[in-house]
Engineer: 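So that we are looking at the same thing, I have put the structure below in structure tokens.
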Amino acid sequence: MIIGVPTEIKNNENRVSMLPFGVEDLVRNGNHVLVQESAGSRSGIQDEEYIKAGAEIVKSAKDIFNRSEMIVKVKEPQPVELKMIKNNQIIFTYLHFAADKKLTMGFIQTKAIGIAYETVQLENGQLPLLIPMSEVAGRMAIQNGAKALEANMGGRGLLLSGVPGVSPATVTIIGGGVVGLNAAKVASGLGAKVNILDVNPTRLKYLDDIMPENVFTIYSNRHNIIDLLPKTDLLIGAVLIPGSKAPNLVNKKMLALMKKGSVIVDVAIDQGGCVETCKPTTHEKPIYEVDGIIHYCVANMPGAVPYTSTTALTNVTFPYIKQIAQIGYKAAMRENSSLLSGLNSIDGNITHKGVAEAFGIKYISPDKYIK
């Protein structure tokens, strides 16, 4: 199979979708790998390393898309990339369709095969290709939220940890999954008072068992969220429904309950956000203010730490890439049901229920396409 690795072009996206070890393995097994010139440079990987591993360096993204049977990316296709995608070409990347109707409809028109990292799901419910980036994003949410609380960023001028004689900030995390757990780890380690909410009592018990004494587990419902907002200095949105749009759990009216200069970091923004007033921002312009509340909503947060993120991501995506390259996507999905759950679009149809429901589009079972 011919596999293409284009340079990521989303704003300040510094990751790359494949490391030289992956290229070497694929080439050794009879595949041909095209890597766009300088695709890995922002992650600290030079073209010479890819060449040594057996890749062909290609100058333009147009050539990558034109020649490849499978495109492996990090972020969703940007408008200029959508125009280059071919019928029946495999696009394996984070797609986040449910948060972007224009992207979804544009992809449908390509009639390509869209396999989304974020909906590849194991039988136990885990999302193996999302977990590493959720770990990074959860930790960065606290890092960036703490910065946004500084007065020069428009925040309340609070040090998250406090100092002797001055109380620490209060962090409230909505969602006790991978993002929430990692955010709580960092926030509690800095000494903040941390509230973490979830709707799963078993998950709350687990979090209560493993977290330090400055983390408090609370059942997530509207009443408890409203009760906590006036006490919260940094609010983290960490809710995820695989493949579906995130539910709005904090509406614009509820912002009035928060203290002026408080900060919201919505990690769920890739899936539409769980705070009504949140909209995607970029690393160049990460924050904006609504009713005196600072919003940080960067949609590709892990892109700011590309060495860590690229390594963590490629470690988990490569086995799936290799399986598709060796036996084709149909056989791979027949053998690996978790990969089948990643199929979001094929032949102009939507094959993921969450995406179909988000836009009222007809859903076609993915099983139809792998027989």
Side-chain angles (χ1 to χ4, degrees), residues 3-19 22 35-36 38-43 45 61-62 64-65 68 70-85 89-107 110 112-120 127-137 140 179 240 242-243 245-246 266-273 279-286 297-318 320-321 342 344-345 352 355:
I3 299 128
V5 179
T7 300
E8 296 295 324
I9 59 172
K10 186 166 185 172
N11 177 276
N12 279 299
E13 181 50 71
N14 299 310
R15 289 171 287 181
V16 65
S17 60
M18 193 178 298
L19 291 176
V35 177
Q36 190 175 348
S38 300
S41 61
R42 290 174 292 176
S43 291
I45 306 145
K62 185 176 180 180
I64 293 275
F65 279 86
S68 300
M70 176 165 63
I71 297 290
V72 180
K73 281 178 44 61
V74 176
K75 292 305 293 178
E76 70 278 1
Q78 302 302 292
V80 67
E81 293 174 318
L82 274 177
K83 295 176 183 178
M84 295 186 283
I85 294 173
Q89 191 171 49
I90 302 167
I91 309 296
F92 195 25
T93 187
Y94 288 118
L95 288 171
H96 296 297
F97 279 155
D100 192 334
K101 186 174 184 179
K102 186 176 180 181
L103 166 65
T104 304
M105 301 312 292
F107 193 93
T110 69
I113 300 151
I115 307 172
Y117 292 161
E118 74 274 8
T119 66
V120 171
L127 304 168
L129 308 190
L130 191 61
I131 285 174
M133 296 304 94
S134 295
E135 290 170 338
V136 172
M140 290 188 72
V179 170
L240 173 69
K245 189 179 185 303
D266 198 342
V267 185
I269 197 64
D270 272 331
Q271 292 296 117
K279 59 185 180 182
T281 60
T282 67
H283 289 287
E284 287 181 348
K285 295 182 179 179
C297 309
V298 175
N300 58 327
M301 212 183 298
V305 286
Y307 181 82
T308 298
S309 298
T310 289
T311 305
L313 179 62
T314 56
N315 284 343
V316 294
T317 57
F318 182 71
Y320 293 90
I321 294 167
N344 277 217
S345 181
H352 191 282
V355 177

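For clarity, every value in this text was computed on a predicted model and none was experimentally measured. Note that these values count all heavy atoms, side chains included, but never hydrogens, waters or copies made by symmetry. Along the sequence shown, residues are numbered consecutively beginning with 1.
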Engineer: Within a strict 4.5 Å, meaning less than it, do heavy atoms of the Leu127 and Leu240 side chains meet?
Structural biologist: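 Side-chain contact under 4.5 Å: yes.
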Engineer: Taking only residues two or more places apart in sequence or in another chain, which ones pass salt bridge (Lys or Arg N to Asp or Glu O under 4.0 Å) with Glu118?
Structural biologist: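 Glu118 satisfies salt bridge (Lys or Arg N to Asp or Glu O under 4.0 Å) with no other residue.
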Engineer: Ignoring hydrogens and geometry, is there a side-chain-to-backbone donor-acceptor pair from Asn14 to Ala304 under 3.5 Å?
Structural biologist: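 No; zero donor-acceptor contacts below 3.5 Å.
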Engineer: Verify, without hydrogens or angle tests, whether Asn12 (side chain) and Gly303 (backbone) share a donor-acceptor contact under 3.5 angstrom.
Structural biologist: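 Side chain of Asn12 to backbone of Gly303: no pair is present.
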Engineer: Taking the side chain as every heavy atom from C-beta outward, state whether Ile85 and Ile71 have any pair of such atoms under 4.5 Å apart.
Structural biologist: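 No - every pair of side-chain heavy atoms lies 4.5 Å or more apart.
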Engineer: Nearest 0.5 Å please: distance from the CG atom of Leu19 over to the CZ atom of Phe318.
Structural biologist: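 Interatomic distance, Leu19 CG to Phe318 CZ, rounded to 0.5 Å: 10.0 Å.
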Engineer: Between Ile64 and Ser68, which heavy-atom pair has the shortest distance, and what is it?
Structural biologist: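 That would be O-OG, 2.7 Å.
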Engineer: Could you state the interatomic distance from OG1 (Thr317) to CG (Leu129), rounded to the nearest 0.5 Å?
Structural biologist: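 Between atom OG1 of Thr317 and atom CG of Leu129 there are 6.5 Å.
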Engineer: Heavy atoms, side chains only, cut-off 4.5 Å: are Asn315 and Pro132 in contact?
Structural biologist: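 Asn315 does not reach Pro132 side chain to side chain.
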Engineer: For the side chain of Thr281 and the backbone of Val298, is there at least one donor-acceptor N/O pair under 3.5 Å apart?
Structural biologist: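 Such a contact is found between Thr281 side chain and Val298 backbone.
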Engineer: Kindly write out the residues that satisfy side chain to side chain donor-acceptor pair (under 3.5 Å) with His96, not counting sequence neighbours, or none if the list is empty.
Structural biologist: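 If we apply the side chain to side chain donor-acceptor pair (under 3.5 Å) test to His96, skipping adjacent residues, the hits are Gln271.
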Engineer: Has the side chain of Asp100 got a donor or acceptor atom that lies under 3.5 Å from a matching backbone atom of Ala98?
Structural biologist: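 No.
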Engineer: Are the side chains of Tyr320 and Val120 in touch, meaning some heavy atoms are under 4.5 Å apart?
Structural biologist: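 Answer yes - side chains close enough.
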Engineer: Measure the spacing between NE2 of His352 and OG1 of Thr119 and express it to the nearest 0.5 Å.
Structural biologist: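 Answer for the NE2-OG1 pair, His352 versus Thr119, is 4.5 Å.
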Engineer: Donor-acceptor pair, Thr93 side chain versus Val72 backbone, under 3.5 Å?
Structural biologist: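 Side chain of Thr93 to backbone of Val72, a donor-acceptor pair under 3.5 Å: no, none is there.
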Engineer: Under 4.0 Å between a Lys/Arg side-chain N and an Asp/Glu carboxylate O for Glu13 and Arg42?
Structural biologist: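 No, this pair does not count.
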Engineer: Is the shortest side-chain heavy-atom distance between Met18 and Val35 below 4.5 Å?
Structural biologist: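 No, their side chains stay 4.5 Å or more apart.
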Engineer: Taking atom CD of Gln78 and atom NZ of Lys10, what is their separation to the nearest 0.5 Å?
Structural biologist: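 Those atoms lie 6.0 Å apart.
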Engineer: Does Lys245 have any salt bridge (Lys or Arg N to Asp or Glu O under 4.0 Å) partners at least two apart in sequence or in another chain, and if so, which?
Structural biologist: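 Once residues adjacent in sequence are excluded, Lys245 has no partner under the salt bridge (Lys or Arg N to Asp or Glu O under 4.0 Å) criterion.
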Engineer: Return yes if some donor-acceptor pair links the side-chain N/O of Gln89 with the main-chain N/O of Ile91 below 3.5 Å, else return no.
Structural biologist: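 Absent.
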Engineer: Does the side chain of Val16 come within less than 4.5 Å of Thr314's, by heavy atoms?
Structural biologist: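 No, their side chains stay 4.5 Å or more apart.
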Engineer: Does Met133 form a side chain to side chain contact (heavy atoms under 4.5 Å, CB included) with Leu313? I'd like the steps, not just the answer.
Structural biologist: CA-CA 7 Å; Met133 296 304 94; Leu313 179 62; 3.9 Å; yes
Engineer: Rounded to the nearest 0.5 Å, what's the gap from CG on Asn300 to OG1 on Thr282? Could you check?
Structural biologist: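 One finds 8.5 Å between CG of Asn300 and OG1 of Thr282.
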Engineer: Can you name the residues that form a side chain to side chain donor-acceptor pair (under 3.5 Å) with Thr310, not counting sequence neighbours?
Structural biologist: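 Residues passing side chain to side chain donor-acceptor pair (under 3.5 Å) with Thr310: Ser43.
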Engineer: Does Glu8 reach the main-chain N or O of Arg15 with its side chain, forming a donor-acceptor pair under 3.5 Å?
Structural biologist: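 Checking the backbone N and O of Arg15 against the side chain of Glu8, no donor-acceptor pair under 3.5 Å is found.
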Engineer: Over all heavy atoms of both residues, which pair between Pro77 and Leu95 is shortest? Give the atoms and the distance, please.
Structural biologist: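 That would be CD-CD2, 3.8 Å.
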Engineer: Would you confirm whether Ser309, through its side chain, and Pro302, through its main-chain N or O, come within 3.5 Å as a donor-acceptor pair?
Structural biologist: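 Confirmed, Ser309 side chain pairs with Pro302 backbone.
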Engineer: Please identify each residue that fulfils ring-ring contact (aromatic ring centres under 6.0 Å, His included) with Phe92, with sequence neighbours left out.
Structural biologist: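 Partners of Phe92 by the ring-ring contact (aromatic ring centres under 6.0 Å, His included) criterion, ordered by chain and then number, come out as Tyr117.
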Engineer: Should Ile321 and Met70 count as side-chain neighbours, where that means a heavy-atom distance under 4.5 Å?
Structural biologist: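 Yes. Closest side-chain heavy atoms under 4.5 Å.
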Engineer: Could I get the full list of side chain to side chain donor-acceptor pair (under 3.5 Å) partners for Lys75, not counting sequence neighbours?
Structural biologist: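 By the side chain to side chain donor-acceptor pair (under 3.5 Å) rule, Lys75 matches no residue at all.
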Engineer: Atom OG1 in Thr104, atom CG in Asn344: separation rounded to 0.5 Å?
Structural biologist: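 The CG atom of Asn344 is 8.5 Å from OG1 of Thr104, to the nearest 0.5 Å.
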Engineer: So which atom in Ala112 and which in Phe107 form the shortest heavy-atom distance, rounded to 0.1 Å?
Structural biologist: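 Nearest heavy atoms, Ala112 then Phe107: O-CE2, 3.7 Å.
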